[in-house]
Amino acid sequence: MATSNEYIEYVCEQIKGVGEIRYKKMFGEFMVYVNNKPVIIVCDNVPYVKKLDCMEEMMKDEQTGYPYKGAKEHYILDIDDIAFCKAVITELEKVTPLPKPRKKKE
């Protein structure tokens with residue numbers, strides 16, 4: 001089951017106020033960007049965030065899973081807990097680098 005447009009809009013609404021939010025359809029699912037940094041991957045209507053050392057304490061009680069076959073293990077973000085989501089996204093945005101620009105084909 002692919003992520004619905006309604007669900008990705010809901011995810012973005014839940015984290016509104018943490019920065020400039022946009023999403024992009026990728027590999028049949030979605031990536032949510034905050035201030036142009038990829039912070040949430042949404043697959044099958046489930047939001048995932050990277051398992052980073054700096055997130056370990058904050059996310060210790062959260063479920064984990066794999067957003068797609070071959071992916072590394074991620075934390076599953078409880079998107080219904082708005083305050084928690086905003087705290088997680090704020091921390092992730094601080095440590096997530098901007099994507100490297102793609103070189104244009106000549």
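Note that the coordinates shown come from a computational prediction; the quantities given were computed from them, not determined experimentally.
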Chemist: Rounded to the nearest 0.5 Å, what's the gap from CD1 on Ile76 to CD on Glu62? Could you check?
Modeler: 9.5 Å
Chemist: Of all the heavy-atom pairs spanning Ile40 and Met31, show the shortest one and how long it is.
Modeler: O-SD, 3.2 Å
Chemist: When clusters are formed by joining ILVMFWY residues with side-chain heavy atoms under 4.5 Å apart, either directly or through shared neighbours, do Met26 and Val34 land in the same one?
Modeler: no
Chemist: Do the non-hydrogen side-chain atoms of Gln14 and Cys85 ever get within less than 4.5 Å of each other?
Modeler: no
Chemist: What distance separates Asn36 CG from Ile21 CD1, expressed to the nearest 0.5 Å?
Modeler: 12.0 Å
Chemist: Heavy-atom count check: over 12 atoms from other residues, nucleotides or ligands less than 6.0 Å from Asp80 CG?
Modeler: yes
Chemist: Answer yes or no: are there more than 12 heavy-atom neighbours, outside Gln63 itself, under 6.0 Å from its atom CD?
Modeler: no
Chemist: Got a donor-acceptor contact below 3.5 angstrom from the Lys86 side chain to the Lys16 backbone?
Modeler: yes
Chemist: Should we count NZ of Lys50 as having more than 12 external heavy atoms under 6.0 Å?
Modeler: no
Chemist: As an exercise, state the distance from CG of Leu52 to CE of Met58, rounded to the nearest 0.5 Å.
Modeler: 12.0 Å
Chemist: Taking C-beta and beyond as the side chain, do Phe30 and Lys24 meet within less than 4.5 Å on heavy atoms?
Modeler: no
Chemist: Which one of Val32, Thr3, Ile41, Leu77 satisfies the side chain to side chain contact (heavy atoms under 4.5 Å, CB included) criterion with Pro47?
Modeler: Leu77
Chemist: Whether the Glu9 and Tyr23 side chains hold a donor-acceptor pair (N or O, under 3.5 Å, no angle test) is what I'd like checked.
Modeler: yes
Chemist: Measure from the side-chain N and O atoms of Asn35 to the backbone N and O of Glu20, and report whether any donor-acceptor pair falls under 3.5 Å.
Modeler: yes
Chemist: Going by atom types only, do Asn5 and Tyr10 share a side-chain donor-acceptor pair under 3.5 Å?
Modeler: no
Chemist: With a 4.5 Å limit on heavy-atom distance, are the side chains of Met55 and Val49 in contact?
Modeler: no
Chemist: Side chain of Lys37, backbone of Glu93: donor and acceptor closer than 3.5 Å?
Modeler: yes
Chemist: Verify the cluster assignment for Ile89 and Tyr75: are they in a single hydrophobic cluster under the rule of side-chain heavy atoms below 4.5 Å apart?
Modeler: yes
Chemist: How about Val46 and Pro67: do any of their side-chain heavy atoms sit closer than 4.5 Å?
Modeler: no
Chemist: Do you know the tightest heavy-atom contact between Tyr33 and Pro99?
Modeler: CE2-CG, 4.4 Å
Chemist: If Ile, Leu, Val, Met, Phe, Trp and Tyr residues are connected whenever their side-chain heavy atoms lie under 4.5 Å apart, and connections chain through other members, are Leu92 and Ile8 in the same group?
Modeler: yes
Chemist: Are side-chain heavy atoms of Met59 and Phe84 found at a separation under 4.5 Å?
Modeler: yes
Chemist: With a 4.5 Å heavy-atom cut-off, do Glu73 and Tyr48 have their side chains touching?
Modeler: no
Chemist: Tell me whether Ile79 is reachable from Val42 by hopping between hydrophobic residues (I, L, V, M, F, W, Y) whose side-chain heavy atoms are closer than 4.5 Å.
Modeler: yes
